[in-house]
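Only one structure is covered here, and it is reproduced in the block below.
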Amino acid sequence: MNVDIGNALASVASPGVSRASLERLDEQVAAAHERIERGMANADHGYEALNLPERTDPDEIRAAVEPVADADTLITVGIGGSSLGAATIVDALESDTETVFLDNVDPEWVSGRLDGLALENAAINVVSRSGTTAETLANFLVVREAFEDAGVDWTERTIVTTGESGPLRDLADRHDLPSLKVPDGVPGRFSALSAVGMVAAAVCGHDLEALLAGAAAERETLSGSLFDCPAYAYGATTYALDGRGAGVNAMMPYAESLETSAEWFAQLWAESLGKDDLGQTPVRALGVTDQHSQLQLYRAGPRDKLVTFVTADADADRSIPTTDVEELAYLGDATLGELLEAEFEATEASLAAAGRPNVRVELEAVDEYELGGFLYGMEAACVLAGELYGVNTFEQPAVEWAKKATRGLLGGGEFEEAKAVAEKTELRVER
Ligand SMILES: O=P(O)(O)OC[C@H]1O[C@H](O)[C@H](O)[C@@H](O)[C@@H]1O
C-alpha cells in the first residue's frame with residue numbers, strides 16, 4: 001500500500017497540515033513507534049495484533065475448515081470485528097462459494113437471507129471472540145434450527161472460532177465441532193488476519209499465505225518516521241487533520257469490491273479512537289456512486305472533513321460500446337475502467353481545487369497480497385493514531401452500556417442500565 005498525503009498539506013487544503021508541522025509531529029511518531037515495537041515484542045494486549053503476519057498459521061486454518069471446505073454456501077454468523085474483516089476479504093475477491101453474513105438480528109432480513117438457501121450444501125462459520133454476544137448466539141441458534149428443519153446435521157457442517165472459554169467454546173466442545181481460537185491479545189476489530197477473518201477466506205479458496213505475505217510486507221515498513229512508512233503517514237496525517245478541524249473521515253474506495261472495507265474501517269476507527277471526547281468520525285462512501293450523492297457536501301459543505309480515497313488497479317475492463325449519438329461519441333473511445341479512473345482523478349482534483357483535504361491510499365490490485373497489506377496498514381495507522389491521541393486504542397467500554405441494558409431488558413440479569421431505558425424523556429409529536 002502506498003499513501004499520498006500531498007492533498008492534505010496546508011499549501012493545498014484548509015484544514016491542512018504544513019510540511020514543517022509534519023516534521024515536528026514525526027518526533028512524536030518516533031516515540032510512538034518505540035512504544036508500539038515494545039508492545040509487539042511483549043505481546044501486549046492489542047499490539048499483539050500487529051504480530052499476526054508471523055503468528056497466524058494458514059495450515060492450521062485449512063485443516064480446521066477441511067470438513068466444510070466443500071460448501072457451496074458459507075453462512076458466517078458474527079458481528080463487528082467477528083464479521084467485518086472476513087466480509088472485507090471475501091467481498092473483495094472472486095470465489096465460487098456463495099457467502100452470507102448474518103450480523104444484524106432484524107428478523108425479516110435474517111429470514112430473507114436464509115430462505116431459499118440449499119442448506120445441505122451449506123456450512124456455518126460462527127465467530128465470537130467473547131462467545132457471549134447476544135446477536136451472534138441468537139442468530140446461530142436460528143441457523144441451527146434452519147439446518148435441523150432442512151434435515152441437515154448442523155454438527156457436521158459447523159466451524160467455530162472463539163476464545164479459550166465461554167458459552168460458544170463450551171458448545172463447540174459439547175458437540176465436538178472443529179474449532180479455532182481467537183488469538184490472545186487480539187481485539188476483534190484487529191483480528192481480520194487471524195482465524196477470525198481467514199476461516200471464510202479459506203473456505204472460499206483464497207490464498208491465505210498471500211494475505212499474510214502482504215501484511216508482513218507492510219509490517220516491514222513500520223519505522224520511526226512517517227515519511228518512510230505508508231501506514232504511519234496515514235495515521236499521523238489523519239490525526240493532524242483532526243486536530244485542525246477535520247473531525248470527519250470519509251473513506252471512499254474506488255472499487256465496488258472494496259465497499260465492505262469502508263465498513264470494516266469504520267469500526268476500526270470509531271471503536272479504537274472514539275474515547276475521552278476524542279476521535280474522528282468515519283463515514284462510508286463509495287466511488288463513483290457517492291460522487292452523485294455526497295460530493296457536493298464534501299466540496300462545498302463545512303470544512304470538517306478529510307476524504308480518504310482508496311484506489312486499486314483493476315485487472316478486468318470492459319469497453320463502452322460505440323453509439324451514433326454525437327454527444328456520446330467520446331464514451332465509445334473509452335472503457336468502463338478508464339471512465340472510473342477519470343472520475344476518480346477528477347473528483348480528487350475537484351476537492352484539491354476547492355482546498356478540501358484528501359489522502360490517496362493506493363493498492364496495486366484487488367488481490368490477497370494487496371488486501372493483506374491494506375488491512376494491516378490501516379490497523380497500524382490506527383494504532384499509531386491511538387498513541388498520538390493518547391487513548392486506549394484496544395478497549396471499547398462505551399459499547400458495553402447498551403449491551404448490559406439489552407440483557408437486562410430480555411431478563412438476562414439485573415442491570416442498572418436497563419432501568420435507564422424505562423426512564424427515557426419523551427416529547428412525542430403524534431400524527
Ligand atoms: O467477537 P464478539 O465477542 O462476539 O464481539 C463482537 C463485537 O461486539 C462488541 O460489541 C464489540 O464492541 C466489538 O468490538 C466486537 O467486535
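Counting starts at 1 for both ligands and their atoms, following the listed order. Values reported hereafter were calculated over all heavy atoms of this structure, with side chains retained and with hydrogens, waters and symmetry mates removed.
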Among all the protein's non-hydrogen atoms, which is closest to [atom], and how far away is it?
atom                    : value
atom 5 (O) of ligand 1  : T133 OG1, 3.5 Å
atom 10 (O) of ligand 1 : K403 CE, 3.0 Å
atom 16 (O) of ligand 1 : G81 N, 2.8 Å

Per-atom contacts of ligand 1 with [X], taking only distances under 4.0 Å to non-hydrogen atoms:
X    : value
S130 : 2 (P), 3 (O), 4 (O)
E271 : 11 (C), 12 (O), 13 (C), 14 (O)
S82  : 1 (O), 2 (P)
Q267 : 13 (C), 14 (O), 16 (O)
R129 : 1 (O), 2 (P), 3 (O), 4 (O)
I79  : 6 (C), 7 (C), 16 (O)
V399 : 10 (O), 12 (O)

Next item on the list: Any side-chain hydrogen bond (donor to acceptor under 3.5 Å, both in side chains) involving residues 131-147? Give me the pairs, sequence neighbours left out, ordered by first then second residue.
Entry: S130-T132, S130-T133
Next item on the list: Please say which of N358, N249, T238 ends up in a side chain to side chain donor-acceptor pair (under 3.5 Å) with T308.
Entry: N249
Does a side-chain N-to-carboxylate-O contact under 4.0 Å join [X] and [Y]?
X    : Y    : value
R62  : E209 : yes
E348 : R360 : yes
R157 : D70  : yes
R219 : E54  : yes

Notebook entry, point to check: What part of Q396, side chain, backbone, both or neither, has a heavy atom within less than 4.0 angstrom of ligand 1?
Noted result: side chain
Check: Is the ring centre of F190 less than 6.0 Å from the ring centre of F394?
Finding: yes
Next item on the list: Please say whether more than 12 non-hydrogen atoms of neighbouring residues, nucleotides or ligands are located less than 6.0 Å from CD in E120.
Entry: yes
Notebook entry, point to check: For T136 and ligand 1, does the shortest N/O to N/O distance drop below 3.5 Å?
Noted result: no
